[in-house]
Amino acid sequence: MLEIVKFGQDEYNFPCLVVLGCFDGLHLGHSELLKKAKLQAKINGLDLGVMMFANGKEGKQICSFEERIALLEKYNVKFVLKVDYNNDFKQIKPLEFLDILEEHLNVKAYMSGKDFRFGEGAKGKSSTLKSFAEDEDNGVWYMPIKDVLIDGEKVSTSAIKTLIEQGDVKKAKSLLGRNYSVSGVVIHGADRGEKVIGYPTINLEYPENKVEVKTGVYAVRCTFGENRYYGIANYGPRPTFGEENNLLEVYLDGFEGTLYDETVTVEFIEYLRDIEKFDGAEALGAQLKNDLEKAREEAEKAEAELTAVPAPVTPVAPATPAPAEVKEAVAEVTAEAEVAVTSETTEEVTAEVQEEVKEEPAPAPEESKDDAFEAELEEEVPTVSDVIGEKIEEVAEETAEEIIEIPEVAVEPTEEIAEPTEVIVEPAEEVKEDSEEEQKAEADENEAVSD
């Protein structure tokens, strides 16, 4: 269970990373921030704490404080910094706010969205946090996180609230990452659902602190305990029976029994239609039958999403850097696959072989140069194929005859070059011998002269 730390009152002594923000909706933008914060906290051996306003910042909330607490569990959050958004809090200056945090928490790092504002007049921002962290005396670091965009639009709490109020619960889900939902205790109603209309319903009072969906009929999914049912919900008045107060009335498809005083969570899947006044219960019942058919179609889609198994991800082995000789071989294969072998390219290959002969010892006499070169090529080609992939393999196969001809052209000069190399060595020995005989003869002459 998360520890609740009250701002300016409670202390948290373990070194921690604190994520600053309102987090009144816990949408996909918040999710991205919290994922990064979880990773940074783990890497640096810090406890993760999240700042949250107890009753939202302004107006009604997408998620209650209790709902947000439950959603934070999966991010390995250790504590929630609970802030009462009141007049006293609004008058705290930005740096004073940070000083209070430093006084009560063992903060080592801060993270926030780039648009985070805090302190009196919302004068504190990401640049304030950056400057605070750059002061070595404070001993903290700060990391801002970019806004999350979906279809080019920034994910924001205000945008989601607007969608909910307009009845576009499907698009709201795409920004929240889950269905918008409300929870309430089942109360007694007029009991006309089963007796008069033929569709028994449960009645819930809509939570006062939650953003209200547009009045209308919705496809919904309901959970209570370990049970899950799909169905249709009517939120708003019931003009057919002359009732104008807003009430959340839900028909659970396939459910039998009563749920009085039970807490039920209603997830809004899709908006079906506006509320209408019918001529009577029979006409309303006929319409509800059509609504239920549409709701069942939406239920099938929703259930498919829940039970879908992600496709397995095949791990990709990191590419092994190719040695220099393999890279040279790749270059040769590619070049020979693109152009025909000409006398000009033969001269270039010959020049390369001459350089290799100067730098490397000649092969042993019992092993021909043809055999050595072909053996070397057989060892290198598979390695080249691994490096350059299937595309080069195909090219190599198509031009196999051309590639095989290259070593033959290249080898011939090697044999010719080897002979001059030996010739060069022999004169060197003769010159050395002549030089000694001349020196001896000269010495004899000198000795004779001396005598």
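Count residues from 1 along the sequence.
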Would E32 and K36 count as a salt bridge (Lys or Arg N to Asp or Glu O under 4.0 Å) here? Give the steps.
CA-CA 6 Å; E32 189 67 21; K36 288 181 169 61; 2.6 Å; yes

Before giving the answer on side-chain contact (heavy atoms from CB on, under 4.5 Å), spell out for M111 and I145 the whole-Å C-alpha distance, their side-chain angles and the decisive distance to 0.1 Å.
CA-CA 7 Å; M111 291 181 71; I145 302 298; 3.6 Å; yes

For the atom pair CG (L20) and CG (L101), what is the distance rounded to the nearest 0.5 Å?
6.5 Å

Backbone N/O of G231 and side chain of D253: donor-acceptor pair under 3.5 Å:
no

Which atom of G184 lies closest to which atom of L204, heavy atoms considered:
O-CD2, 3.2 Å

side-chain hydrogen bond (donor to acceptor under 3.5 Å, both in side chains), paired with D115, selected from K125, K146, K154
K154

When you compare the side chain of F278 with that of E276, does any pair of heavy atoms fall below 4.5 Å?
yes

Using the test salt bridge (charged side-chain N to carboxylate O under 4.0 Å, His left out), find all partners of E134 that sit at least two apart in sequence or belong to another chain.
K130

Residue pair Y75 / S31, side-chain donor-acceptor N/O under 3.5 Å
yes

If we count only N and O atoms by modelled type, under 3.5 Å, do the side chains of Y12 and D47 hold a donor and an acceptor together?
yes

Donor-acceptor pair, side chain of T223 and main chain of R228, under 3.5 angstrom:
no

Under 6.0 Å from the ring centre and within 45 degrees of the ring axis: does the NZ or CZ of K82 meet both conditions for the six-membered ring of F65?
yes

How long is the span from the CG atom in L17 to the NZ atom in K38, to the nearest 0.5 Å?
14.0 Å

E120 atom CD, neighbour heavy-atom count above 12 within 6.0 Å
yes

Looking at every non-hydrogen atom in both residues, tell me the closest pair between G236 and I275 and how far apart they are.
CA-CD1, 3.8 Å

Check whether more than 12 heavy atoms from other residues, nucleotides or ligands sit under 6.0 Å from atom CD of Q9, and answer yes or no.
yes

So, R273 side chain and Y271 main chain: donor-acceptor pair closer than 3.5 Å or not?
no

Return the orientation label for the F268 and Y206 ring planes: parallel under 30°, perpendicular over 60°, tilted otherwise.
tilted

S181 backbone acceptor or donor facing K210 side chain under 3.5 Å
yes

Could you walk me through whether C16 and V18 satisfy the side-chain contact (heavy atoms from CB on, under 4.5 Å) test, starting with their C-alpha distance in whole Å, then the side-chain angles of each, then the deciding distance to 0.1 Å, before giving a yes or no?
CA-CA 6 Å; C16 59; V18 178; 3.9 Å; yes

Of all heavy-atom pairs between I100 and G8, which one has the smallest distance, and what is that distance?
CG2-CA, 3.8 Å

Looking only at atom types and distance, does a side-chain atom of N138 sit under 3.5 Å from a main-chain N or O of F132, one as donor and one as acceptor?
yes

For V220 versus A233, what's the shortest heavy-atom pair and its separation?
CG1-CB, 3.6 Å

With distance as the sole test, does S131 use its side chain to make a donor-acceptor pair with the main-chain N or O of T128 at under 3.5 Å?
no

Can you name the closest pair of heavy atoms from P207 and V182 and give their distance?
CD-CB, 4.1 Å

Can you tell if the side chain of I202 reaches within under 4.5 Å of the side chain of L252, non-hydrogen atoms only?
yes

Any side-chain to backbone donor/acceptor pair from H30 onto H27? Under 3.5 Å, distance only.
yes

Run through F53, Y85, F79, F89 and flag the one making a ring-ring contact (aromatic ring centres under 6.0 Å, His included) with F7.
F89

Any donor-acceptor pair under 3.5 Å linking the side chain of E293 with the backbone of N290?
no

Donor-acceptor under 3.5 Å (D84 side chain, N86 main chain)
no

Going through the checks in order, is the salt bridge (Lys or Arg N to Asp or Glu O under 4.0 Å) test met by K214 and D274?
CA-CA 9 Å; K214 177 184 176 181; D274 293 338; 3.7 Å; yes

Would you please test Y142 and S112 for side-chain hydrogen bond (donor to acceptor under 3.5 Å, both in side chains) and show each step?
CA-CA 8 Å; Y142 167 65; S112 77; 2.8 Å; yes

Within-4.5 Å side-chain heavy-atom neighbours: D279 and L284
no

How about D135: does its CG atom have over 12 heavy atoms from other parts shown lying under 6.0 Å from it?
yes

Close side-chain approach of E165 to V211, heavy-atom, < 4.5 Å
yes

Contact check, side chains of N179 and I269, non-hydrogen atoms, under 4.5 Å
yes

With a cut-off of 6.0 Å (strictly less than), are more than 12 heavy atoms of other residues, nucleotides or ligands near NZ of K170?
yes

Should K90 and I92 count as side-chain neighbours, where that means a heavy-atom distance under 4.5 Å?
no

Distance col, row Y180:OH vs C63:SG, nearest 0.5 angstrom, shows 8.0 Å

If we count only N and O atoms by modelled type, under 3.5 Å, do the side chains of E303 and Y230 hold a donor and an acceptor together?
yes

Do V155 and D147 have side-chain heavy atoms sitting under 4.5 Å apart?
no

Do L46 and F14 have side chains that approach each other closer than 4.5 Å (heavy atoms only, starting at C-beta)?
no

For I164 against A172, the heavy-atom pair lying closest together
CG1-CB, 4.0 Å

Does E244 have any side chain to side chain contact (heavy atoms under 4.5 Å, CB included) partners at least two apart in sequence or in another chain, and if so, which?
P237

Considering residues, nucleotides and ligands other than E11, do more than 12 of their heavy atoms fall under 6.0 Å from its CD?
yes

Those residues at least two apart in sequence (or on a different chain) that pass side chain to side chain donor-acceptor pair (under 3.5 Å) with E212 are K60, Y235

List the steps, then state whether side-chain contact (heavy atoms from CB on, under 4.5 Å) holds for L176 with K173.
CA-CA 5 Å; L176 272 173; K173 176 188 177 182; 5.6 Å; no

Does any donor atom in the side chain of Q287 or D291 lie under 3.5 Å from an acceptor atom in the other side chain?
yes

Report the C-alpha separation of T162 and D168 in whole Å, then their side-chain angles, then the decisive distance to 0.1 Å, and conclude whether the side-chain contact (heavy atoms from CB on, under 4.5 Å) test is met.
CA-CA 9 Å; T162 299; D168 195 351; over 6 Å; no

N227 CG to C222 SG distance, which is reported to the nearest 0.5 Å:
11.5 Å

Test your reading of the model: is there a side-chain donor-acceptor pair from R68 to the backbone of L26, 3.5 Å cut-off?
no

About how many Å separate CG of L105 and CG of L81, when rounded to the nearest 0.5 Å?
6.0 Å

Mind checking the OG-CD1 spacing from S174 to I160? Nearest 0.5 Å is all I need.
8.5 Å

Check step by step if ring-ring contact (aromatic ring centres under 6.0 Å, His included) holds for F116 and Y110.
CA-CA 12 Å; F116 175 64; Y110 292 103; 9.8 Å; no

